[in-house]
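Everything below concerns the one structure shown next.
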Amino acid sequence: MSVMGQAVWVMGCGVIGRQVARLYLEEDQQVIGWVRTDHALQLGSDTGITLRQGKFDASCYIPFYTRENVQIFWFAPPSARGREDVRLRRFLIAAGHALQRIVLWSRWDGETLLTNRDYRYADTERAAQEWFRQEAGRELVIVRECQLDGKDTPAVARLCKQAMASGAVGIASLKQATA
């Protein structure tokens, strides 16, 4: 199966990402889950999800041979150091004009900037918003996480999939959506 034929890419295909991918697989849609580590690759190997491993911190970590209108779920955490997220920024540069819609998972509350981690998540959102404003017709949904436990995972995955399908643009807080 080639990367080019995929319709849905889950970048950072961890716990939530695997749930989202399963929802698409249940509808017989093609999905590729992208992971960074050997451990993540092993965890996802028994799920039936096609997984690819990429070095998210390398300058050209993903061969972006995709067609237009690929659906991107960005669940990858930002870089581990500093105050900027180079991962998403590099990905968006590599993608060029191929992407039209992204659902971005964020762990920033939208207000507090106390730690370098807060700054990195804020920068992730800023990078996505800059991408969104660069070209007419692009769509972006930012889903902000509240504190979740494992039992919320299926509901959160459904919410993310609905955000992709809805045609909505904006920021959704899971504090409001799961209450």
Side-chain angles (χ1 to χ4, degrees), residues 6-27 29 31-36 40 44 47 49 51 56 62 69-80 83-92 95 98-135 137-179:
Q6 301 305 309
V8 177
W9 284 19
V10 180
M11 309 305 294
C13 195
V15 174
I16 300 285
R18 286 191 302 271
Q19 289 281 333
V20 169
R22 279 189 212 107
L23 292 172
Y24 282 96
L25 288 175
E26 288 172 3
E27 297 174 354
Q29 292 193 36
V31 179
I32 281 187
W34 288 88
V35 297
R36 290 181 301 129
T47 62
I49 301 165
L51 293 175
F56 286 26
I62 293 175
N69 298 320
V70 67
Q71 298 178 29
I72 299 291
F73 288 92
W74 188 269
F75 297 135
S79 313
R83 290 190 169 196
E84 294 181 343
D85 178 20
V86 296
R87 289 178 179 167
L88 180 62
R89 290 182 184 280
R90 286 178 180 154
F91 177 80
L92 293 173
L99 298 180
Q100 293 302 310
R101 184 167 185 75
I102 297 176
V103 172
L104 172 74
W105 178 261
S106 179
R107 289 185 171 96
W108 181 49
D109 66 9
E111 299 170 10
T112 311
L113 291 170
L114 299 175
T115 66
N116 283 339
R117 180 180 182 266
D118 293 336
Y119 279 96
R120 288 189 300 268
Y121 274 105
D123 188 62
T124 301
E125 289 191 20
R126 194 168 30 260
Q129 291 168 351
E130 290 167 5
W131 166 85
F132 168 71
R133 287 190 292 269
Q134 286 175 352
E135 196 170 302
R138 288 183 172 172
E139 299 174 348
L140 170 67
V141 175
I142 298 172
V143 180
R144 290 189 175 147
E145 174 193 19
C146 61
Q147 294 293 72
L148 300 174
D149 57 28
K151 68 181 181 219
D152 295 327
T153 303
V156 171
R158 284 190 300 277
L159 176 73
C160 290
K161 184 175 182 289
Q162 289 168 357
M164 180 62 79
S166 71
V169 175
I171 298 173
S173 169
L174 291 183
K175 292 177 188 175
Q176 299 162 350
T178 59

Practice prompt. Kindly indicate, with the supporting measurements, whether the criterion side-chain contact (heavy atoms from CB on, under 4.5 Å) is fulfilled by R120 and N116.
Written response: CA-CA 6 Å; R120 288 189 300 268; N116 283 339; 3.5 Å; yes
Item to complete: Could you go through the salt bridge (charged side-chain N to carboxylate O under 4.0 Å, His left out) check for R126 and D123 one step at a time?
Response: CA-CA 5 Å; R126 194 168 30 260; D123 188 62; 3.4 Å; yes
Practice prompt. Please report the C-alpha distance between L88 and W131 in whole Å, then the side-chain angles of each, then the deciding distance to 0.1 Å, and finally whether the side-chain contact (heavy atoms from CB on, under 4.5 Å) criterion is met.
Written response: CA-CA 10 Å; L88 180 62; W131 166 85; over 6 Å; no
Discussion item. Using the rule given for salt bridge (charged side-chain N to carboxylate O under 4.0 Å, His left out), can you reason through E26 versus K161, listing the C-alpha separation, both sets of side-chain angles and the distance that settles it, and then say yes or no?
Written reply: CA-CA 12 Å; E26 288 172 3; K161 184 175 182 289; over 6 Å; no
Worksheet entry | side-chain contact (heavy atoms from CB on, under 4.5 Å) between R101 and V141, intermediate numbers included | CA-CA 8 Å; R101 184 167 185 75; V141 175; 3.4 Å; yes
Item to complete: Show the numbers, then the answer: is there a side-chain contact (heavy atoms from CB on, under 4.5 Å) between L104 and E125?
Response: CA-CA 8 Å; L104 172 74; E125 289 191 20; 4.1 Å; yes
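Contact annotation: the side chain of D85 never approaches that of R89 to less than 4.5 Å [non-hydrogen atoms, C-beta and beyond]. Inter-residue side-chain proximity for V31 and R22 is flagged as unmet; no heavy-atom pair is nearer than 4.5 Å. Looking only at side-chain heavy atoms (C-beta outward), P78 and R117 stay at 4.5 Å or farther from each other. Using a 4.5 Å heavy-atom cutoff, the side chains of L99 and F91 are in contact. Between R144 and I142, the closest side-chain pair of non-hydrogen atoms falls below 4.5 Å. You'll find the side chain of F75 reaches within 4.5 Å of the side chain of V20, heavy atoms only. Within the 4.5 Å cutoff, no side-chain heavy atoms of S79 are placed close to those of R90.
Residues A21 and V10 come closest through the heavy atom pair CB-CG2, 4.4 Å. What you find for R138 and F132 is that their closest heavy atoms are O-CE1, 2.9 Å. Nearest heavy atom pair, residue L51 against residue A40, reads CD1-O, 4.3 Å.
Going from atom CD of Q19 over to atom CD1 of I49 covers 8.5 Å, rounded to the nearest 0.5 Å. Interatomic distance, CG of L140 versus CZ of R133, reported as 9.5 Å (0.5 Å rounding). For the atom pair M11 CE and W34 CH2, the distance stands at 6.0 Å (nearest 0.5 Å). Between the CZ atom in R87 and the CG atom in L92 there is a gap of 14.0 Å [rounded to 0.5 Å].
Side chain of S106 to main chain of W108: a donor-acceptor pair is present (N/O by atom type, distance under 3.5 Å, no hydrogens or angles). Between the W105 side chain and the R107 main chain, no donor and acceptor come within less than 3.5 Å of each other.
For Y119, there are no ring pair (Phe, Tyr, Trp, His ring centres under 6.0 Å) partners at least two apart in sequence or on another chain.
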